[in-house]
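Not measured: the values here are computed from a predicted model. Numbers here simply count residues along the sequence, with the first being 1.
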Amino acid sequence: MQQQTEFAIIPDREAIEKIDREIRFFPAENPAPQTLSSADITAWNASGYLAPLSAYDAATADEYRGYFDGLLSDALAAGRDSYSISSAHLKHARVWDLLQHPGIVAPVVDLLGPNVVGWGAHFFCKLPGDGKRVDWHQDCSYWPLTPTKSVTVWLAIDDADLENGCMEVVVGSHTKGLIEFAESDRQSGNVLNQTVSDPEKYGRIQATPLQAGQFSIHSDLLLHGSSPNHSSRRRCGLTLRYCPADVTALLGWNQKGVVVAGQADPDRWPGAARPQTD
C-alpha cells in the first residue's frame, strides 16, 4: 500500500473538537539527563521551552540552507507559497534524516523519555517583507493527539531575530491548559487560523532569537507566535514534532510517525518509511 504523504496543514477544527483528549502539561521527570542538565529540566518544567540549543556547525547550516533553497524554488515554481512545505519528512529523505538527527533527538529524549516518535516536519519561511505573521496560539489546539505530551523543535535554517520575525513565547503559559482563541482567515495576514488575545495575561513574553543551526524546544501547550518579517533577509525555520510513544494520534495522523528513539507499538505507530528522494 502506498504511503500517505499529504496531510492538511490546518486540520479540521470540528473533527478535533470531537476527540476526547487529556489536555494538561506533563512535567519532565528525569533525575539523570544524558544531554541536558538538571537545571535545563527544571527550566523546561517552569518555562515550557528551552533555547538556544545547537544541532550542527555553521558549515552544515550553510549546506541545509542551500538544500532548502532548492525545495523553496520548486514550491514557488509549482504555484505554492513559502509556507506550503509540510509533512516534509514523508516526501524528502534529508528532512526524514533531520527528524532523526542525534543532536536534536537526544535532548528531546531527556524531556520525553526513552521511547519517542517524530511525526511532523514543516518549514515556516517568511520571505523578506512578506507581511505575514503567526498569531499567538498553542500547537495542541491544532493536533488530534492525546495526551498533550508533544514538543516542537524549531530549527533555524536562517538566522532568526526580532527584525526578521523570530519566534516569541509566553513563558509559563504551558501550565494554563487550553486557552480560548478566535478564528481568523488568511486574508488577516495570519499564516495559521487561530488568534489568542492579550497573551501577556498568561505569562511573560520572551523572544527566542537563533542562529542558523541552533534550535529551541517548546511544549505543545506553550503560547507562541511571531511578527512579520520587516527586514531584507529571509527567515526560515523547520518545525520538527515529537511525542512519547504512548501518545495516541487520531484522524490517521499515526501514519506520519517515525520511531526516532526506543520503540513503539506498531499498532499505535506503524512507522513511516524513509522517502526515496531528497
Side-chain angles (χ1 to χ4, degrees), residues 3 19 21-56 60 87-90 93-122 138-140 143-155 169 174-175 213-222 238-275:
Q3 178 172 292
I19 297 171
R21 294 188 294 158
E22 185 178 3
I23 301 176
R24 63 182 179 88
F25 178 64
F26 292 80
E29 298 179 0
N30 188 348
Q34 299 300 300
T35 299
L36 299 175
S37 67
S38 295
D40 289 332
I41 301 296
T42 299
W44 167 262
N45 289 335
S47 301
Y49 85 103
L50 290 174
L53 302 168
S54 182
Y56 40 70
T60 305
S87 298
H89 67 295
L90 302 178
R94 290 190 68 175
V95 181
W96 196 94
D97 292 343
L98 266 177
L99 190 68
Q100 304 215 39
H101 190 290
I104 295 173
V105 171
V108 171
V109 166
D110 276 347
L111 296 176
L112 299 184
N115 301 313
V116 176
V117 173
W119 59 264
H122 185 182
Q138 295 170 295
D139 290 338
C140 74
W143 297 343
L145 306 176
T146 186
T148 52
K149 296 181 179 180
S150 287
V151 303
T152 292
V153 164
W154 202 100
L155 174 64
V169 301
H174 63 303
T175 63
Q214 292 182 326
F215 63 96
S216 62
I217 310 176
H218 66 265
S219 161
D220 56 0
L221 280 159
L222 187 75
L238 173 60
T239 57
L240 301 169
R241 322 289 195 176
Y242 301 91
C243 67
D246 63 354
V247 167
T248 298
L250 289 307
L251 306 182
W253 278 34
N254 65 333
Q255 301 301 312
K256 298 182 181 187
V258 176
V259 178
V260 299
Q263 57 188 0
D265 180 349
D267 291 331
R268 178 173 286 175
W269 294 101
R274 186 177 188 270

- Is there side-chain contact between Thr148 and Phe26, with at least one heavy-atom pair below 4.5 Å? yes
- Measure the shortest side-chain to side-chain distance between Val105 and Val116 over non-hydrogen atoms and say whether it is less than 4.5 angstrom. no
Once you round to the nearest 0.5 Å, how far does [atom1] of [X] lie from [atom2] of [Y]?
{"X": "Lys149", "Y": "Asp246", "atom1": "NZ", "atom2": "CG", "answer": "3.5 Å"}
{"X": "Trp96", "Y": "Arg274", "atom1": "CH2", "atom2": "CZ", "answer": "6.5 Å"}
{"X": "Trp154", "Y": "Leu238", "atom1": "CH2", "atom2": "CG", "answer": "9.0 Å"}
{"X": "Leu222", "Y": "Thr152", "atom1": "CG", "atom2": "OG1", "answer": "9.5 Å"}
{"X": "Leu145", "Y": "Trp119", "atom1": "CG", "atom2": "CH2", "answer": "5.0 Å"}
{"X": "Leu155", "Y": "Tyr56", "atom1": "CG", "atom2": "OH", "answer": "4.0 Å"}

Tell me whether [X] contacts the main-chain N or O of [Y] through its side chain, where contact means a donor paired with an acceptor under 3.5 Å.
{"X": "Asn115", "Y": "Ala245", "value": "no"}
{"X": "His89", "Y": "Lys256", "value": "yes"}
{"X": "Trp269", "Y": "Val247", "value": "yes"}
{"X": "Tyr242", "Y": "Leu99", "value": "yes"}
{"X": "Asn254", "Y": "Arg268", "value": "yes"}

At their closest point, which heavy atom of [X] faces which heavy atom of [Y], and how far apart are they?
{"X": "Asn45", "Y": "Ala28", "answer": "OD1-N, 2.7 Å"}
{"X": "Ser216", "Y": "Ala51", "answer": "CB-CB, 3.6 Å"}
{"X": "Ala121", "Y": "Val95", "answer": "CB-CG1, 3.6 Å"}

- Query: Checking side chain to side chain contact (heavy atoms under 4.5 Å, CB included) for the pair Cys243/Trp143: CA distance, chi angles, key distance, verdict?
  - Reply: CA-CA 12 Å; Cys243 67; Trp143 297 343; over 6 Å; no
- Message: According to side-chain hydrogen bond (donor to acceptor under 3.5 Å, both in side chains), does anything in residues 28-37 pair up with another residue at least two apart or in another chain? List the pairs.
- Response: Ser37-Asp40
- Item | Check against side chain to side chain contact (heavy atoms under 4.5 Å, CB included), Ile23 and Leu221 | CA-CA 8 Å; Ile23 301 176; Leu221 280 159; 3.9 Å; yes
- Asp139: what forms a salt bridge (Lys or Arg N to Asp or Glu O under 4.0 Å) with it, not counting sequence neighbours? Arg241
- Mark yes when over 12 heavy atoms from residues, nucleotides or ligands other than Gln263 sit less than 6.0 Å from its CD; otherwise mark no. no
- Evaluate side chain to side chain contact (heavy atoms under 4.5 Å, CB included) for Ile217 paired with Trp44, printing each intermediate quantity in order. CA-CA 9 Å; Ile217 310 176; Trp44 167 262; 3.9 Å; yes
